[in-house]
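Whatever order the structure lists ligands and atoms in, that order sets their numbers, starting from 1. One is the number of the first residue; the rest follow in order along the sequence.
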Amino acid sequence: MTGIKFPQKGLPPAELKSLLHDLKSNDMDWSNYRAFSMVFRAGDDVADIVRSALAEYVFENGLSPFAFPSLLRMETEVVAMTADLLNGGGTAAGNMTSGGTESITMAVKAARDYAREKKPAIKEPELLMLRSAHPAFNKAAHFLGLKTVIVPVTDASEVDLAEYRRAFSPDTIFAVGSAFSYPHGIIDPIGEMAAVAAEKGVWFHVDSCVGGFILPFVEKLGYPIPPFDFRIPGVMSMSADVHKYGYVSKGASVVLYRDVELRKYQLFVYADWSGGVYATPCISGARPGGPVAASWAVMKFLGYEGYLRLAADAMKATQILIEGINEIPGLYVIGKPPATNFGVGSKTLNLYAIGDKMKQRGWHIDSQHLPPSLHFTVSPMHLKVVDKCLKDLREATLEVSALKPEDITGDAAIYGMIGSMPDRSQAKDITTQYFNDLYKTG
Ligand SMILES: *Cc1c(COP(=O)(O)O)cnc(C)c1O
């Protein structure tokens with residue numbers, strides 16, 4: 001990447017178009033439904049709706065609700081539709097953000113400012129989370145000056161409620177449960193966890209970033225899903241990503257509060273700028289109109305019935321995968337995932353090597369650690385490929401069963417090494433250096 005200078009002369013559009021296309025040649029191929037993360041797919045009809053909404057709103061700026069009242073209207077409608085889906089309808093309030101991380105950051109910010117007002121004696125506020133909760137909470141805590149307190153989970157990715165209760169301190173101002181968690185797809189016992197938080201007077205958030213737009217439909221289909229949303233009294237805020245099971249392209253999420261009074265703590269207003277009164281709901285200033293329009297359009301296009309149909313396919317695909325994987329000697333699905341995310345563990349085999357073998361066969365399956373596992377997020381379109389996936393996974397597993405430890409090289413070896421380092425600060429340092437090199441520009 002050395003020697004890059006600002007271009008002197010421009011390129012013709014046709015050349016640029018083909019350059020852009022060619023640049024993708026080494027990218028993960030998600031078009032063939034062989035990716036189990038990164039891209040959520042609902043079908044070409046939905047993709048066309050997304051593309052046309054993005055194109056219609058490609059230059060509009062969500063910063064000013066006065067300049068673009070259409071974006072204000074679509075954002076509030078998307079928030080209201082999401083609130084209705086998550087049983088906060090009528091009173092819940094919120095905003096659209098750029099993604100799960102921003103939604104989570106806004107909820108943590110609101111809770112922090114709420115605690116500053118209601119419990120001014122707390123000087124070092126704490127955020128309580130399970131090991132399986134998303135690192136966006138660690139990141140938000142880091143940015144907002146909160147200390148994180150991490151509660152471990154069992155091998156089945158479950159919380160010990162007594163241990164969770166003991167982890168509260170007089171400084172706890174925020175606690176979170178996932179519905180469901182990203183790594184293993186487990187729904188935490190939200191009712192019990194929220195009740196403990198309420199008893200302690202602590203803000204409780206439900207992270208439904210990945211589950212928010214599928215769990216309500218899975219529940220409707222008759223699968224056993226415990227209540228996880230605003231039906232539970234102690235739930236103060238929720239996050240739900242439209243750019244996951246809402247099937248919209250990246251840049252779309254919803255943060256919700258039980259009522260407008262709580263949402264107040266999310267806003268930032270500066271009234272003394274020479275540029276005018278500056279008020280924003282989220283971290284971003286200028287905001288792209290496209291993701292708002294695309295979210296609105298896909299919800300209107302699919303409707304409840306469309307999402308329900310897609311959830312049925314995703315569940316069918318998941319069940320075929322889970323049953324098939326549990327029959328492969330050496331592999332097992334971790335815990336009891338109730339919906340469409342799950343992790344695969346092994347007591348005997350190197351899972352990262354299995355992941356590599358799958359990659360050679362064109363599948364993209366993420367590696368996870370503590371303990372090692374492979375990750376599956378199942379989209380409705382996977383129903384087309386589950387049988388082939390299981391066949392390849394059986395072969396890959398058999399090949400890895402025949403390997404000796406010293407035969408395992410490449411990505412699997414490196415990932416395993418970093419994952420098993422006892423000194424986690426060393427793992428952090430190595431990753432920092434690695435990232436610094438990765439994004440080198442000169
Ligand atoms: C994806 C995810 C997040 C973070 O969302 P981004 O859109 O990647 O910022 C947070 N929590 C859970 C459970 C998620 O699955």
So the atoms of ligand 1 within less than 4.0 Å of a heavy atom of Asp241 turn out to be 1 (C), 5 (O), 7 (O)

So is His243 polar-close to ligand 1, meaning N/O to N/O under 3.5 Å?
yes

Next item on the list: Ignoring hydrogens and angles, state whether a donor on the side chain of Ser98 or Glu102 is under 3.5 Å from an acceptor on the partner side chain.
Entry: yes

Q: Could you tell me whether Arg309 and Glu305 make a salt bridge, using a distance below 4.0 angstrom between a side-chain N and a carboxylate O?
A: no

(message) Taking Leu349's backbone N and O only, do any of them form a donor-acceptor pair with Ser346's side chain (distance below 3.5 Å, no angle check)?
(response) yes

Any heavy atom of Glu102 under 4.0 Å from ligand 1? The part involved is neither

closest protein heavy atom to atom 9 (O) of ligand 1 is Thr101 OG1, 2.5 Å

Note: heavy atom closest to atom 15 (O) of ligand 1, options Lys250, Lys244, Met38, belongs to Lys244

- Message: Tell me whether the rings of Tyr307 and Phe217 are parallel (<30°), tilted (30 to 60°) or perpendicular (>60°).
- Response: parallel

Glu327 bridged to Arg394 by N-O distance under 4.0 Å
no

I want to know if ligand 1 touches Ala136 in the polar sense, i.e. an N/O pair below 3.5 angstrom.
no

Check: Are any side-chain N or O atoms of Thr340 and backbone N or O atoms of Ala314, one a donor and one an acceptor, separated by less than 3.5 Å?
Finding: no

| message | In this structure, does ligand 1 have an atom that sits under 4.0 Å from one of the heavy atoms of Asn341? | response | no

Numbered in order shown, the ligand 1 atoms found under 4.0 Å of a heavy atom of Gly100 are 4 (C), 5 (O), 6 (P), 7 (O), 9 (O)

#### Entry: Note: Lys388-Asp392 ion pair, threshold 4.0 Å (strictly below)
yes

closest protein heavy atom to atom 10 (C) of ligand 1 is His134 CG, 3.2 Å

Item checked: Distance-only donor-acceptor check, side chains Asp423 and Ser425, under 3.5 Å -> yes

At under 4.0 Å between heavy atoms, what of Asp207 touches ligand 1? The answer is side chain

Answer yes or no: does an N/O atom from Ser181 fall short of 3.5 Å to an N/O atom of ligand 1?
no

